[in-house]
Engineer: 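This is the structure I have questions about; it appears just below.
A note on names: the letters A, B, ... follow the listed sequences, proteins ahead of strands, and every chain is numbered from 1. All values reported here derive from a predicted model rather than from experimental measurement.
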Amino acid sequence: MDGFIPVSRVFFERNVFDVAPTLLGCYLERSDSSGTVGIRITEVEAYAGERDPGAHAYRGQTARNATMFGAAGHVYCYFTYGLHHAINLVTNRVGVPYGCLIRAGEVIRGEGVARVRRESARRVHPVLPPDLARGPGSLAQALGVTLLDNGADLFGGNWRFLVPEQQTALPVTIGPRVGVRGVAGTFPWRYWISGDPTVSRYRSSI
DNA sequence: CCAACGATTAACT
DNA sequence: GTTAATCGTTGGT
């Protein structure tokens, strides 16, 4: 992918609050037999395990969240609301269940495939691109994610992660996370590219 | 075993 | 702004 270069797993073996803002502008790609879709990440949230009442891992390890407790650079995928999938990229080291929810992105490869997968998003506007990957559920749908992707490795297999070739200082806005209730909903652990139209329209739930 | 609900979305009014 | 859709996971009986 033009303008992006590979990076090692060390990128994810850092504190989640260091990783989260540096994910913005990076390239995330998933391939399967139906095609390849790649996005430029525009919105993420940090989830900090036992320190974070809003995190799945807050109450310890379960069968569902086990991937978060594993090695960095893997995909934690979960199913929620009976119909949506969402993905986190696992950070830090084994045993520290921190990760970044990928909330939104700009589809820059495989838009045709993404449009087919996101048929319901088609009628947004006759000319402008539809909301292909705006919000975690939409993003997962555009990428073709299923629960089989839980535990997938970003470094090998059908996923790929690249960083921008040019280190440009993106304008970043920080604010409360979406859909997180209680005190954890006040933590400013959401990061997005300022003014980017692909960022989810949802706002704080507090 | 069972009831409640969720890191949401899209279609309503 | 409000709400139905929809089911795996969780935590309490």
Engineer: Looking at A:Arg103, I'd like to know whether one of its side-chain N or O atoms comes within less than 4.0 Å of OP1 or OP2 on B:dT8.
Structural biologist: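 For B:dT8, OP1/OP2 do have a side-chain N/O of A:Arg103 under 4.0 Å.
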
Engineer: Centroid distance below 5.5 Å plus an interplanar angle below 30 degrees: do A:Tyr81 and C:dA5 meet both conditions?
Structural biologist: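 Base of C:dA5: not stacked against A:Tyr81.
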
Engineer: Taking atom types as they are modelled, is there a donor-acceptor pair under 3.5 Å from the base of B:dA7 to the side chain of A:Tyr78?
Structural biologist: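 Checked by distance alone, the answer is yes.
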
Engineer: Taking atom types as modelled and ignoring hydrogens, do the side chains of A:Arg134 and A:Thr42 form a donor-acceptor contact shorter than 3.5 angstrom?
Structural biologist: no

Engineer: May I ask which nucleotide in the shown strands pairs with C:dT6, Watson-Crick or G-U wobble, both distances under 3.5 Å?
Structural biologist: none

Engineer: So does A:Arg40 pair up with A:Glu106, basic N to acidic O under 4.0 Å?
Structural biologist: yes

Engineer: Under 4.0 Å between a side-chain N or O of A:Thr80 and OP1 or OP2 of B:dT8?
Structural biologist: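 So the side-chain polar atoms of A:Thr80 never come under 4.0 Å of the phosphate oxygens OP1 or OP2 of B:dT8.
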
Engineer: So, does A:Arg59 get its side chain near the phosphate of C:dG11, meaning an N or O under 4.0 Å from OP1 or OP2?
Structural biologist: yes

Engineer: Round to the nearest Å and state the distance from A:Trp192 atom CH2 to B:dA7 atom P.
Structural biologist: 19 Å

Engineer: Using a cut-off of 4.0 Å on non-hydrogen atoms, how would the nucleic acid contact of A:Gly54 be classed: base, sugar-phosphate, or nothing?
Structural biologist: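 Base, at least one base atom sits under 4.0 Å.
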
Engineer: When you measure from the side-chain N and O atoms of A:His56 to the phosphate of B:dA7, is any distance below 4.0 Å, counting only OP1 and OP2?
Structural biologist: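 Result: yes.
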
Engineer: May I ask you to check whether A:His84 and A:Phe79 place their ring centres under 6.0 Å from each other?
Structural biologist: no

Engineer: Please tell me if A:Arg118 has a side-chain N or O lying less than 4.0 Å from either OP1 or OP2 of B:dA10.
Structural biologist: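 For B:dA10, OP1 or OP2 has a side-chain N or O of A:Arg118 closer than 4.0 Å.
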
